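Accompanying notes for the structure given below.
Fair warning: this is a prediction, and the values are worked out from it, not measured in the lab.
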Amino acid sequence: PGNRRSLYSVSFTEPWFLDRPMSLSLSGNIYDLDQRFYRDRRVSGTVGLGWHWEPPPMPRLDFAEGVVGVPAPTSLFTSLLHGVVSLFEHVPIYSLIDDLVIRQNSVARFWQRGWRIGVDYSLSRIQISEIDDDAPSDLFDVAGKSYLSAIGLRVGFEHVDNPAMPSRGVISEVSYRHAGYPLGGDWDFWRYDFVNRSFTTLYTTKTGGKTVFSTELRGAFSQEHYYTEEVPIFERLYLGGTGSF
């Protein structure tokens, strides 16, 4: 319960719904953010369904086994060398090249290596209040209470050694969100999002502790449609801050 930002969230996920590789997820959120010029309060709920293909166990990298002369990172020097060799794993398209070209797996098999698809629906009540007199004019256009109804589609790829605390591998996802017409609500816009997270273990201690290097690349594009003249200011993309990336 902070005085600048408060977020309360509860969620439930059944990863094997009806004894199939299908997930059912339910979530609810209460969000209260004191922005520079206004206050943003939201109450939202989401329900989603997904399907996933379980990837095979992740093998050790060849250079981690010393095949190309690079030992497993057990010292500062070898950990730095290991990190340099591992940099190519952090390129978003690397997972495709590694699976189809380096390991020469078939396309049919590739689609069973950690891919997941899903669809969800969310309904939010948004209240914009306490707007400063010198705030941007776009804020006054969205003042008061409104509703946001949206459906989302996503396609993702996950191949990590540990889903809870990954120390090696990659997680990528492309999603599309369609808000408003014909789903109802007060705002009509759509948005594409892309995220790629990569993990590399730089150093492993004798007791099993790990130093992990992680990178995250995000991108998004949003545009209004139908009856909305422009994307509402509280859904736009900004450099830094709590409202965007």
At their closest point, which heavy atom of [X] faces which heavy atom of [Y], and how far apart are they?
| X | Y | result |
| --- | --- | --- |
| R218 | V195 | CG-CG2, 3.8 Å |
| R177 | L148 | NH2-CD2, 3.3 Å |
| R116 | E158 | CZ-OE1, 4.0 Å |
| A150 | Y121 | O-CD1, 3.2 Å |

Check against side chain to side chain contact (heavy atoms under 4.5 Å, CB included), S198 and F213: CA-CA 8 Å; S198 300; F213 173 68; over 6 Å; no

Indicate, with yes or no, if [Y] and [X] share a hydrophobic cluster defined by side-chain heavy-atom contacts under 4.5 Å among Ile, Leu, Val, Met, Phe, Trp and Tyr.
| X | Y | value |
| --- | --- | --- |
| F194 | V170 | no |
| L237 | L217 | no |
| W115 | V174 | no |
| I131 | F234 | yes |
| L33 | I30 | no |

Going through the distances and angles, do N3 and D34 end up as a side chain to side chain contact (heavy atoms under 4.5 Å, CB included)? CA-CA 8 Å; N3 59 358; D34 186 5; over 6 Å; no

Please report the C-alpha distance between R42 and N29 in whole Å, then the side-chain angles of each, then the deciding distance to 0.1 Å, and finally whether the side chain to side chain contact (heavy atoms under 4.5 Å, CB included) criterion is met. CA-CA 8 Å; R42 305 191 189 195; N29 299 277; over 6 Å; no

In the hydrophobic clustering that connects Ile, Leu, Val, Met, Phe, Trp and Tyr at side-chain heavy-atom distances below 4.5 Å, which members other than Y226 occupy its cluster, ordered by chain and number?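 The other cluster members (ILVMFWY side chains, heavy atoms under 4.5 Å, direct or chained) are Y181, Y227.
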
For Y147, what are the other residues in its hydrophobic cluster, where any two members join if their side-chain heavy atoms are less than 4.5 angstrom apart?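 Y147 clusters with nothing; isolated.
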
Does a side-chain heavy-atom distance below 4.5 Å link Y31 with S44?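 Sidechains of S44 and Y31: no contact.
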
Within the 4.5 Å heavy-atom criterion, are V231 and R191 side-chain neighbours or not?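 Contact flag for V231/R191 side chains = no.
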
Going by the rule side chain to side chain contact (heavy atoms under 4.5 Å, CB included), which residues pair with Y192 if we only count those two or more places apart in sequence or in a different chain?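 Side chain to side chain contact (heavy atoms under 4.5 Å, CB included) list for Y192, sorted by chain: Y176, W190.
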
Residues in side chain to side chain contact (heavy atoms under 4.5 Å, CB included) contact with S6, at least two apart in sequence or another chain: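 Only Y8, D32 meet the side chain to side chain contact (heavy atoms under 4.5 Å, CB included) criterion with S6.
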
With sequence neighbours excluded, tell me which residues meet side chain to side chain donor-acceptor pair (under 3.5 Å) with S146.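 Expected list: W187.
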
Say whether, by atom type as modelled, one donor and one acceptor occur between the side chain of [X] and the main chain of [Y] under 3.5 angstrom.
| X | Y | result |
| --- | --- | --- |
| T201 | S167 | yes |
| T228 | D188 | yes |
| H225 | A179 | yes |
| N162 | M165 | yes |

To the nearest 0.5 Å, what is the distance between [atom1] on [X] and [atom2] on [Y]?
| X | Y | atom1 | atom2 | answer |
| --- | --- | --- | --- | --- |
| I233 | L139 | CD1 | CG | 4.0 Å |
| F157 | E173 | CZ | CD | 13.0 Å |
| R4 | Q35 | CZ | CD | 8.5 Å |
| L123 | T46 | CG | OG1 | 9.0 Å |
| R197 | T215 | CZ | OG1 | 9.5 Å |
| R41 | E130 | CZ | CD | 5.0 Å |

Checking H52 against S23: is there a side-chain donor and acceptor pair closer than 3.5 Å?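 Side-chain D/A pair, S23 to H52: absent.
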
Qualifying salt bridge (charged side-chain N to carboxylate O under 4.0 Å, His left out) pairs with a residue from residues 133-152, counting only residues at least two apart or across chains: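 Residue pairs with at least one partner in residues 133-152: D138-R236.
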
